[in-house]
Structure formats: C-alpha cells, structure tokens
Colleague: 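Pasting a structure below so you can have a look.
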Amino acid sequence: MADHFWISHFLWLVPVVPLLAAGMLSVSGNSRRNRAVILTLGAQILSFILASLLFITVIRAQGGTEEVVRLAVNFTWFEFGDTALRLGLLLDPLNAAMLVMVTFIGLLICIFSVGYMSRDPNFTRFFAFLSLFSAAMLGLLVSNSLLLLFICWELVGLASYLLIGFWYQKPSAAAAAQKAFITTRIGDLGFFLGMIWLYRETGTLLFYDGGAGLLEQAALHGLATGTTIGGLALSTATALLLFCGAMGKSGQFPLHVWLPDAMEGPTPVSALIHAATMVAAGVFLVARAFPLFAATAGPDTVATALIAVTWVGAFTALFAACIAVAQTDIKRILAYSTVSQLGFMMIALGVGGVAAAIFHLIAHAFFKALLFLGAGSVIHGCHDEQDIRKMGGLRRFMPATFATYAIGMMALAGFPFFFSGFWSKEEILHLAQGWPASPIPFYLALAGTFLTAFYMTRQMVYVFFGNYRADQASSEKASESRPHESPPIMTVPLTVLAAGAVLLGLVATPAWPWFHHFIEGGAATLEFGKLFTAGTLGLMLLSIVLVAAGVGAAWFLYARTSLGTAERDPLERKRPGLYRALAQRLYVDEFYDATVIRFHHAAGRAADALDRFVWHGLVMAVSGFSVLLSRASQAVDRRFFNRGFDTGCETLRTSGGRVSRWHTGNIQTYLAYIGAGLVLLIVFFAWIQQA
C-alpha cells in the first residue's frame with residue numbers, strides 16, 4: 001500500500017477519540033449539557049474524518065488491482081514465559097467501508113439525539129453511553145486479533161445494556177436490558193469457546209500476520225484437514241462456535257428474542273443498535289472470518305459452516321417478516337424488520353457473497369437509521385405515542401418526516417431502480433438462486449421480499465394515511481394537542497439519510513458493481529448491457545412483481561378499510577387465529593418461559609432445597625460433630641493434660657523452693673561449702689591411690 005505510514009500510526013485514533021469523550025463525560029455532571037454535545041459531536045466528527053481519509057487511502061491503494069490490499073499493524077500486549085500474546089490493528093476494504101458507515105450514521109444519530117433527548121434529566125450520561133457504544137464498535141472493526149475483537153465485542157454488549165436500560169426506572173426497560181445482556185451472553189459463550197479452540201490449534205489469534213495468521217493459508221489448511229468428534233472438520237466446528245456469537249449479536253433465530261424488546265430504550269438507541277453498531281457486529285464477524293467458514297478439505301464441496309449460516313439466515317428472514325405483519329408498535333415493526341434483513345445478510349454470506357452481504361448491511365444501515373429516527377420523530381410529534389392504531393393522517397402534520405420516512409420505507413421494501421435496498425436485495429437473491437446446495441433458501445427469501453413490502457405498506461397506511469385517530473382513543477389522550485413536525489435538528493439528519501438511501505444504490509448495480517470489486521478486488525467497468533441479461537432481468541422482474549403484490553395486498557386490506565382505534569385489524573378479521581399467533585410473536589417467548597425459564601426456575605428451587613435440606617444439614621452435622629469433638633478435647637485437656645501439667649509445675653516449684661534455701665547470698669557460707677568440697681576431694685583421691 002502506497003504511503004501508509006500515517007495510517008499505521010493513526011488507525012487506533014478512530015475508536016480512541018470517542019472512547020476519550022466517553023471517559024470525560026462519565027466524570028461530568030448532568031448539568032454540563034453543552035460540554036456533552038461538544039465532546040460527543042466533536043469526537044464523532046473527528047472519527048468520521050479519519051475514517052474517510054482511511055477509506056480514500058484504501059481506494060487509491062486498491063487501484064483496480066485483483067488483490068485485496070491489507071495493512072496489518074501487530075504488537076505484543078504482554079508475555080508469559082516464552083510466549084507473547086500479540087494484538088493488532090487491520091485496515092482493508094471491508095472495514096474501511098464499515099468505518100465510514102458507522103462514524104457517519106453515528107454522527108447523524110448523535111445530532112438527532114440533541115433534539116430528541118433535550119428534556120431528559122440524564123442528558124450527559126446518555127451521550128457518554130453513546131460515545132462508549134461508538135468506540136466499542138469502531139474498535140471491533142479495526143481489530144486484527146480475534147481476542148481484541150472479542151474484547152470490543154463485549155464492550156458493545158455492555159454499552160447496549162446501558163443504553164437499552166437507560167430509563168431504568170421503567171421495569172420494562174430494566175427487564176429488556178437484562179434480557180439483551182443474558183441472551184447475547186449465550187451466543188458469546190460459543191464465541192469464547194471457539195476462540196480458545198482456535199488458539200490451541202493454531203497458536204495465534206491474529207487474523208493476518210505475514211502468512212502465519214489465523215485466516216491465512218497455513219492455518220486454514222491445518223484446520224480444514226484436522227477433524228474432531230464425528231469427523232467434523234476443525235474449521236467447521238470452530239466456525240460454528242463463532243457463529244453462535246454472531247447469532248446472538250445479529251438476532252438470528254433462536255437468539256433473536258432480545259432485539260424487539262430493545263425498543264424500550266430511547267429511539268436514537270434503537271437506531272444505533274439496529275443500523276450501525278450492535279446487530280452489524282455479528283454480520284461483520286462472519287464476513288471477517290469468512291475464510292474460516294469457507295475452509296474445506298476439497299475444492300468442490302460446500303462448507304458445512306456456510307450451509308448452517310444460509311439456513312439460519314433464510315429461516316430468520318421469513319420468520320421475522322411474518323411476525324412484523326401483526327405488530328402494532330411502530331418501533332417493534334421496525335425491530336422485526338431488522339431481524340428479517342439480518343437474515344438476508346446471513347443468506348448472502350452463506351452462499352458466498354461477502355460483498356453482497358456488506359453492501360446490504362451498509363444500505364440497510366442508512367434506511368433503517370432513517371426509519372428509526374423517523375419513528376422517533378413521529379413519537380416526538382405524537383407526544384410519545386407508539387401505537388400505530390392511534391396515529392393516522394400524519395402526512396398533513398409532519399410533511400418532512402413523511403417524505404423521508406416514505407423514502408426509507410421504499411428502500412427497505414425494495415422499490416425498483418431508485419433505491420439502494422432494491423439493488424442490495426437483488427444481488428442476494430441472485431446469489432441464492434445459484435446456490436448449489438438447495439433452492440429452498442431462495443424461495444424463503446422471495447417470500448420474505450413479499451412480506452417486507454406488505455408490512456411496511458401496512459405501517460405507512462396506519463401512520464401517515466387516513467384520519468388522525470388519537471382523538472378517538474382513550475380520554476387521557478383526547479385532551480392532547482395535535483401532532484407537530486419535529487425541529488430541524490431532527491429533520492435534517494432524516495434528509496441526509498434519505499439521500500444516502502437513494503444514492504448508495506449507484507455503486508452496486510449490475511451495470512457498475514463498484515462496491516463488489518472494491519471489497520473483493522478487481523476493477524469495475526460500466527456496462528449497461530448487464531442489466532438486460534436473462535438471469536438478471538428475469539429475477540428483477542420477479543422481485544418487482546413480489547414487491548408490487550405486497551404493496552397492493554396491504555393497500556387493498558388497509559387503505560380501503562376504515563381504521564379505528566377500537567376496530568380490529570383487517571387481517572385479524574379475516575384470519576383471527578393466524579393474526580393472534582403472529583401478534584404473540586409465534587409464542588417463542590412463551591415457549592422459552594414454559595421450557596428454558598421454567599427449567600431454570602425449577603433448577604433454582606431444587607438448588608435452594610438442596611442447599612437448605614441437604615448441604616445445610618450436612619454442614620450443621622459436621623459443625624455439630626466438630627463442636628462435640630472440641631468439647632471432648634476440652635474435657636481431656638482440662639482433666640488430664642492440665643491437671644498433670646499443674647501437678648508437675650507444683651512439684652517443680654516446691655523442689656525449686658527447697659534448692660533455693662541453699663542460696664543464702666552469704667560469701668562465708670559459700671567458702672565453707674567450697675572448703676568442705678575440697679576436703680572431700682582430697683580424701684577421695686587419697687583413697688583411690690591407696691587402693
């Protein structure tokens with residue numbers, strides 16, 4: 001890479017700048033609102049500028065070459081014995097694009113938050129948590145070590161816990177934060193085990209290290225040819241463990257249950273989690289470790305780990321889209337939409353389309369951030385109302401929010417040609433159609449495409465069309481004022497995101513697949529003829545028909561029906577059983593309550609009973625025996641040892657008293673004793689000589 005000296009020295013600043021802002025804000029009082037805004041926005045702007053410079057540098061270094069340009073800067077963290085634990089930072093096209101996306105969208109969300117959170121008493125604390133969240137995600141992106149990535153991964157989980165439960169005085173928010181933290185820890189346990197296993201097998205956790213890295217040929221060959229239980233390749237086993245972590249963070253079935261409940265946090269938090277940070281981490285992990293997932297012993301076999309990724313993604317995409325059809329909370333609809341779109345990204349990764357997955361991730365970040373912030377604008381304008389059944393006709397009261405929200409809706413639904421979501425989804429469908437392992441994920445993705453258009457049109461009709469229905473609601477809502485448009489500090493970020501949701505599609509069309517070649521190497525050329533090839537044109541027409549069918553079906557059901565707050569949903573009237581099941585999220589949470597949660601409660605009660613009646617009884621028995629033994633020892637000590645010792649001491653004292661009588665202190669007496677002794681000695685020696 002040409003002239004990368006400054007990059008190797010300043011890459012670390014991208015995550016450290018917002019981390020410093022978070023640290024400074026954590027020791028500031030809540031009254032320092034201006035400082036919070038200046039530090040947070042300043043840190044985000046500086047990180048965005050650095051990320052943009054890095055992105056431009058990578059583009060210049062790539063220069064249309066077939067090889068992917070990578071810069072790895074590794075260093076020793078600490079040493080134990082003869083072993084050095086090394087960490088590293090990495091810059092390549094994959095994380096260069098992600099860095100720009102995260103910093104840019106994070107900046108817009110922070111700007112939006114200034115207006116949205118203006119009345120919150122914990123304003124400064126909120127921005128401290130936002131900065132920590134951004135720093136953790138940026139650190140995750142620049143990591144060249146699985147260990148450093150895992151550290152930042154856990155910091156992302158911590159920040160999400162703090163932000164989801166930001167309004168901790170609400171029991172639902174506190175419960176949602178705990179649910180998110182515990183659920184993602186389940187997946188993280190698999191990640192942690194996979195990391196330990198990889199270190200044991202390869203001796204390193206660096207991704208790239210001059211040929212000796214974890215994702216380089218030597219290590220991958222050893223993992224692909226080595227086997228474990230059941231003949232499973234080591235590469236497959238470790239990749240599946242890493243995928244457990246990705247499933248938790250990116251809300252894949254069955255670890256998706258935390259993501260809809262994360263809506264209990266402030267709306268900017270929902271936008272940040274669902275667009276730029278937490279849920280993107282799982283997809284990025286699979287993309288970063290893709291060589292490990294794709295490692296096989298033979299060139300013509302489909303990697304088992306990628307098959308698992310594809311099927312999990314396909315099922316999740318359809319499953320979450322079905323649930324979104326029957327939700328009534330404006331943010332919860334978008335939450336299940338996020339779960340569904342993450343499933344599409346996993347499909348792309350599973351069928352080998354890393355560039356397609358990352359482009360859909362970035363495009364989704366723009367229009368999903370737009371939709372969540374637009375939902376926040378709606379909630380703000382409707383005085384904290386989130387039930388779409390109590391909205392309606394808002395396009396007249398909130399024209400700017402309506403226009404930008406409509407763009408986000410069309411991008412998500414995949415309206416043709418002018419929206420990034422159309423092109424990103426098309427590439428995923430094209431790759432899934434040609435997957436040799438099975439055609440079923442492709443059909444599941446088509447069904448998800450239809451449902452996405454359906455539930456987003458349903459939401460638009462409920463929120464922006466018809467008449468405003470809050471006046472027909474409960475008496476406590478009847479006295480509230482009419483909806484109002486949000487201030488410019490909230491609508492300007494919506495406009496910028498709307499422009500991104502449209503313009504981003506220009507770099508990933510079949511006619512000019514610039515982004516694809518940027519991620520995977522090679523030069524992109526402009527060829528409009530590729531739009532009209534049989535495979536591309538036919539699939540585009542099929543997708544357009546599905547989107548049109550979804551929009552038409554939702555419009556027929558909802559726009560032509562009188563929607564009142566007291567009336568049942570039109571779909572509920574036609575299919576009450578199905579609607580009830582979808583509204584209850586297909587009873588997954590109830591299933592967990594009846595199985596996993598009940599089992600843990602039963603296990604807890606059993607442990608408590610075991611502790612009270614078994615271990616406690618054993619402890620009391622041992623303690624009673626110890627007390628009895630100590631009393632017996634005390635009796636023996638007092639009656640035998642102490643008495644014998646006292647008797648001996650008394651005898652010694654008496655004998656000493658008798659001997660002490662000889663010590664009078666009179667020198668004449670001592671001389672007499674000495675003289676008598678000498679006489680006796682003389683007599684003794686004389687007797688001996690005579691004998």
Side-chain angles (χ1 to χ4, degrees), residues 68 70 72 86 88 90 92 94-95 140 143-150 153 187-250 252 281-314 345-358 431 435-438 441 519-520:
V68 175
R70 290 189 179 92
R86 303 175 68 208
L90 175 67
D92 65 355
L94 175 62
N95 67 359
L140 185 153
S143 298
N144 186 42
S145 163
L146 194 60
L147 176 59
L148 181 59
L149 189 150
F150 183 75
W153 182 278
D188 292 354
L189 178 61
F191 186 174
F192 184 67
L193 293 175
M195 181 176 65
I196 294 174
W197 199 349
L198 284 170
Y199 185 76
R200 189 186 110 178
E201 296 296 332
T202 64
T204 183
L205 290 175
L206 294 173
F207 293 132
Y208 298 98
D209 187 24
L214 191 63
L215 301 182
E216 295 179 287
Q217 191 59 41
L220 292 175
H221 178 73
L223 291 169
T225 54
T227 58
T228 182
I229 299 173
L232 194 67
L234 288 173
S235 58
T236 300
T238 52
L240 290 176
L241 287 172
L242 296 185
F243 184 54
C244 290
M247 289 171 64
K249 278 289 192 290
S250 290
Q252 298 298 285
V283 176
F284 178 80
L285 172 63
V286 179
R288 171 60 74 205
F290 184 80
L292 176 65
F293 281 78
T296 58
D300 299 326
T301 57
V302 179
T304 304
L306 292 182
I307 293 176
V309 171
T310 304
W311 280 104
V312 169
M345 298 172 207
M346 290 299 181
I347 294 174
L349 290 168
V351 300
V354 174
I358 296 301
L431 292 169
W435 194 46
S438 173
I519 295 294
E520 298 184 350

Colleague: Using the test side-chain hydrogen bond (donor to acceptor under 3.5 Å, both in side chains), find all partners of Glu520 that sit at least two apart in sequence or belong to another chain.
Modeller: His516
Colleague: Once rounded to the nearest 0.5 Å, what's the spacing between atom OG1 of Thr238 and atom CE of Met195?
Modeller: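 Answer rounded to 0.5 Å: 12.5 Å.
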Colleague: Which distance, rounded to the nearest 0.5 Å, do you find between the CD of Glu216 and the OG1 of Thr204?
Modeller: 9.0 Å
Colleague: Can you give me the closest heavy-atom contact between Ala237 and Thr228, atom names plus distance?
Modeller: CB-CG2, 4.1 Å
Colleague: What's the separation between atom CG in Leu90 and atom OG in Ser143, rounded to the nearest 0.5 Å?
Modeller: 9.0 Å
Colleague: Rounded to the nearest 0.5 Å, what's the gap from CD1 on Ile347 to CH2 on Trp311? Could you check?
Modeller: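 Nearest 0.5 Å value for the CD1-CH2 distance: 10.0 Å.
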Colleague: Please report the shortest heavy-atom distance between Leu214 and Thr202, naming the atom on each side.
Modeller: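 It is CD1-OG1, 3.4 Å.
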Colleague: Nearest 0.5 angstrom please: Arg288 CZ to Asn95 CG, how far?
Modeller: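 Between atom CZ of Arg288 and atom CG of Asn95 there are 5.0 Å.
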Colleague: Starting from the C-alpha separation in whole Å, work towards a yes-or-no answer on side chain to side chain contact (heavy atoms under 4.5 Å, CB included) for Leu206 and Leu146.
Modeller: CA-CA 6 Å; Leu206 294 173; Leu146 194 60; over 6 Å; no
Colleague: Find the distance between CG (Leu292) and CG (Leu215) and round it off to the nearest 0.5 Å.
Modeller: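 Rounded to the nearest 0.5 Å, the CG-CG separation comes to 6.5 Å.
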Colleague: May I have all residue pairs that pass side chain to side chain donor-acceptor pair (under 3.5 Å) and include part of residues 206-215, sequence neighbours excluded?
Modeller: Arg70-Tyr208, Asn74-Asp209, Arg86-Asp209
Colleague: Does His221 offer a backbone N or O that forms a donor-acceptor pair with the side chain of Thr225 under 3.5 Å?
Modeller: yes
Colleague: Do Leu349 and Leu306 come within less than 4.5 Å of each other through their side chains, counting heavy atoms only?
Modeller: no
Colleague: If I compare all heavy atoms of Leu94 with all of Ile358, which pair ends up nearest, and what's the gap?
Modeller: CD1-CG1, 3.5 Å
Colleague: Given 3.5 Å as the limit, does a donor-acceptor pair link the side chain of Glu201 with the main chain of Trp197, or not?
Modeller: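 Judged by distance alone, no pair lies under 3.5 Å.
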Colleague: Please lay out, stage by stage, how Phe150 and Leu140 fare under the test side chain to side chain contact (heavy atoms under 4.5 Å, CB included).
Modeller: CA-CA 8 Å; Phe150 183 75; Leu140 185 153; over 6 Å; no
Colleague: Just by modelled atom types, is the Gln252 backbone N or O under 3.5 Å from a matching donor or acceptor in the Ser250 side chain?
Modeller: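 Not a single qualifying donor-acceptor pair exists.
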Colleague: I need the full list of salt bridge (charged side-chain N to carboxylate O under 4.0 Å, His left out) pairs touching residues 220-233, with sequence neighbours left out, sorted by first then second residue.
Modeller: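 Not a single pair qualifies under salt bridge (charged side-chain N to carboxylate O under 4.0 Å, His left out).
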Colleague: Side chain to side chain contact (heavy atoms under 4.5 Å, CB included), that's the test. Do Phe293 and Thr304 meet it? Break it down for me.
Modeller: CA-CA 8 Å; Phe293 281 78; Thr304 304; over 6 Å; no
Colleague: So, Asp92 side chain and Val68 main chain: donor-acceptor pair closer than 3.5 Å or not?
Modeller: no
Colleague: Using a 4.5 Å cut-off on heavy atoms from C-beta on, say whether the side chain of Thr227 contacts that of Leu234.
Modeller: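 Side chain of Leu234 against side chain of Thr227, heavy atoms only: no contact under 4.5 Å found.
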